[in-house]
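Report on one structure; see the data block that follows.
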Amino acid sequence: MQNIIYQLDKHIKGIKEPTIILLSGAYTYFYSKKVSPDITLANVHGATLAHSYIINVQAAQILTSKQPPYTQADDWKFISQCGIKVKALLPHLVDQNRNKFDITQSNIWEETHRFRKLTLSNISESVINKLLSFIGNKEQG
């Protein structure tokens with residue numbers, strides 16, 4: 001694991017465009033590319049959760065320049081709309097410990113995942129994610 005983290009750190013420092021690399025699962029992707037003998041990166045289409053990722057300086061500067069200078073940690077659509085590339089390690093490296101995971105003890109889910117108005121954009125995103133999952137381009141989280 002240390003070797004993979006070292007290689008990812010070296011890789012992301014060499015990327016000039018703003019980039020985040022997810023180390024966790026729970027994402028769909030269009031295609032993936034081997035960037036070293038031990039590392040394959042997927043170009044993420046949709047993702048959920050945010051419990052482990054690496055962000056380069058360029059991406060951090062974009063996110064901290066926004067007003068207000070914060071966002072939800074797993075708002076991958078917003079992050080992509082800011083011009084930040086979202087990639088993911090395939091297969092993923094980090095999982096959540098869900099043995100004692102109880103969403104009912106938190107109001108964060110309710111506050112951040114309220115019913116969204118059905119729009120053509122939301123429907124098309126859902127269809128694309130289902131198709132990517134169907135063809136096997138989904139990393140479980």
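Counting begins at 1 with the first residue of the sequence.
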> With no hydrogens and no angle check, is any side-chain donor or acceptor of Gln58 less than 3.5 Å from a backbone partner on Lys16?
Replying inline: yes
> So, the side chain of Asn56 versus the backbone of Thr19: is there a donor-acceptor pair under 3.5 Å, distance only?
Replying inline: yes
> Only one of Thr48, Asn129, Asn137 forms a side chain to side chain donor-acceptor pair (under 3.5 Å) with Thr28, so which one is it?
Replying inline: Asn129
For the student: nearest non-hydrogen atoms of [X] and [Y], plus distance:
| X | Y | result |
| --- | --- | --- |
| His92 | Gln140 | CE1-O, 3.0 Å |
| Glu139 | Pro91 | OE2-CA, 3.4 Å |
| Gly83 | Pro18 | O-CG, 3.6 Å |

>> Before you tell me yes or no, could you show the steps for Cys82 and Lys66 under side chain to side chain contact (heavy atoms under 4.5 Å, CB included), namely the whole-Å CA-CA distance, both residues' side-chain angles and the distance that decides it to 0.1 Å?
In response: CA-CA 9 Å; Cys82 290; Lys66 298 294 177 189; 3.5 Å; yes
> Taking ILVMFWY side chains as joined if any heavy atoms are under 4.5 angstrom apart, and letting links pass through other members, which residues group with Leu90?
Replying inline: Ile20, Leu22, Tyr27, Tyr29, Val44, Tyr53, Ile55, Ile62, Leu63, Trp76, Phe78, Ile79, Ile84, Val86
> Apart from Val35 itself, what residues make up its hydrophobic cluster when side-chain heavy atoms of I, L, V, M, F, W and Y under 4.5 Å apart count as a link, directly or indirectly?
Replying inline: Met1, Ile4, Ile5, Leu8, Ile12, Ile15, Ile21, Leu23, Ile39, Leu41, Ile54, Leu89, Leu93, Val94
> Do Thr40 and Lys33 touch side chain to side chain, with heavy atoms closer than 4.5 Å?
Replying inline: no
>> For a 4.5 angstrom cut-off between non-hydrogen side-chain atoms, does His11 reach Ser36?
In response: no
> Do other residues, nucleotides or ligands put more than 12 heavy atoms under 6.0 Å from Lys13 NZ?
Replying inline: no
